[in-house]
Amino acid sequence: GLLASGRRRRVDVGRIAGAACFSTVLCTGFDASVNARANAMRWPAGPRRYDLAVLAELAALAPRPVQVQAGGRAVELDAILVAVGNGPCYGGGLRICPDATVTDGLLDVIAIAAVSRRRLLRVFPSVRAGAHIHEPEVTVLRGATVRIDGDPDWPVYADGEPQGTLPVTVHCEPGALTVVA
């Protein structure tokens with residue numbers, strides 16, 4: 001089978017200081033709140049639950065001040081979400097960190113500043129293709145270590161699992177995982 005014949009390669013992981021590792025994306029803000037809401041819902045089953053959670057969180061959308069540090073840069077903004085990508089995708093193929101690669105020893109950060117609900121709905125489809133990074137509300141950072149400070153009520157999720165709340169510090173661990181491709 002694949003395990004015997006497949007080629008092994010080493011990939012990076014993100015390590016949350018004092019907590020778990022993740023392979024794809026850590027997020028806080030809107031997307032983490034959607035995740036939390038969907039996990040708490042009992043109805044409906046399947047992908048519709050996520051769609052309803054998006055609509056409910058969109059109604060409650062409230063930007064919060066955050067400070068993000070990565071790669072020697074620090075930015076402060078009123079954000080609706082911050083995503084830290086070891087890899088490019090989450091949420092069934094959304095390319096939130098489109099240039100992230102699991103073999104470069106770095107984490108990609110996408111911070112989306114306060115936008116209206118209407119603007120968010122207009123820009124959201126571009127996330128599937130990763131084209132949102134060219135929008136004026138989007139800040140892109142990259143670094144081996146990322147720190148996000150902000151509202152201690154903002155949930156943090158990584159690979160779809162709850163990881164507490166802000167603040168959070170994440171380190172890239174180069175080549176820490178061996179996978180069969």
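Note: hydrogens, waters and symmetry copies are ignored here, and every other heavy atom, side chains too, is used.
- Transitive grouping of hydrophobic side chains (ILVMFWY, heavy atoms separated by less than 4.5 Å) keeps Leu120 and Val82 in distinct clusters.
- Between atom CG of residue Leu55 and atom CZ of residue Arg117 there is a gap of 12.0 Å, rounded to the nearest 0.5 Å.
- Following chains of ILVMFWY side-chain contacts shorter than 4.5 Å, one can reach Leu81 starting from Leu58, so the two form part of one hydrophobic cluster.
- Side chain of Thr178 to backbone of Arg10: no donor-acceptor contact under 3.5 angstrom is found.
- Atoms OG1 and CD1, on Thr28 and Ile80 in that order, are 12.0 Å from each other to the nearest 0.5 Å.
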Practice problem: Evaluate the side-chain contact (heavy atoms from CB on, under 4.5 Å) criterion for residues Leu26 and Val156: first the C-alpha distance (whole Å), next the side-chain angles of each, then the deciding distance (0.1 Å), finally the verdict. | Solution: CA-CA 7 Å; Leu26 174 140; Val156 174; 3.8 Å; yes
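- Side chain of Asp159 to main chain of Ser23: a donor-acceptor pair is present (N/O by atom type, distance under 3.5 Å, no hydrogens or angles).
- To the nearest 0.5 Å, the span separating CG on Leu107 from OG1 on Thr145 amounts to 7.5 Å.
- Here the OG atom belonging to Ser116 is positioned 6.5 Å from the CZ atom belonging to Arg122, to the nearest 0.5 angstrom.
- You'll find the side chain of Leu77 reaches within 4.5 Å of the side chain of Val66, heavy atoms only.
- Residues Ile16 and Leu177 are members of separate hydrophobic clusters, defined by side-chain heavy-atom contacts under 4.5 angstrom among Ile, Leu, Val, Met, Phe, Trp and Tyr.
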Practice problem: Take Val109 and Val140 through the test side-chain contact (heavy atoms from CB on, under 4.5 Å) and record every step on the way to the result. | Solution: CA-CA 6 Å; Val109 182; Val140 180; over 6 Å; no
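- Residues that satisfy the side chain to side chain donor-acceptor pair (under 3.5 Å) test with Ser126, not counting sequence neighbours, are absent from this structure.
- A continuous path of hydrophobic side-chain contacts links Ile133 to Val127 [ILVMFWY only; heavy atoms under 4.5 Å].
- Note that CD of Glu161 and CZ of Phe22 are 13.5 Å apart. Values are rounded to the nearest 0.5 Å.
- Between Asn35 atom CG and Phe30 atom CZ the span is 11.5 Å, to the nearest 0.5 Å.
- Here the side chains of Ile148 and Trp154 are not in contact, with every heavy-atom distance at 4.5 Å or above.
- Asp12 places a side-chain N or O within 3.5 Å of a backbone atom of Gly105 that can act as its donor or acceptor partner.
- Counting side-chain heavy-atom gaps under 4.5 Å among Ile, Leu, Val, Met, Phe, Trp and Tyr, Tyr157 is found in no cluster with other residues.
- Panel note: side chain Arg147, backbone Val168; no donor-acceptor pair is recorded below 3.5 Å.
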Practice problem: Begin from the C-alpha positions of Val138 and Ile110 and carry the test side-chain contact (heavy atoms from CB on, under 4.5 Å) through to its verdict. | Solution: CA-CA 7 Å; Val138 177; Ile110 301 294; 3.8 Å; yes
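- Checked by atom type and distance alone, the side chain of Arg9 never pairs as donor or acceptor with a backbone atom of Val180 at under 3.5 Å.
- Taking hydrophobic clusters as Ile, Leu, Val, Met, Phe, Trp and Tyr residues chained together by side-chain heavy-atom distances below 4.5 Å, Val146 does not share a cluster with Leu106.
- For Asp104, there are no side chain to side chain donor-acceptor pair (under 3.5 Å) partners at least two apart in sequence or on another chain.
- Between Glu135 and Arg119 the shortest side-chain heavy-atom distance falls below 4.5 Å.
- His132 contributes a side-chain N or O that, together with a main-chain N or O of Ile96, makes up a donor-acceptor pair within less than 3.5 Å.
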Practice problem: Check step by step if side-chain contact (heavy atoms from CB on, under 4.5 Å) holds for Gln69 and Asp149. | Solution: CA-CA 9 Å; Gln69 298 169 53; Asp149 288 286; 4.0 Å; yes
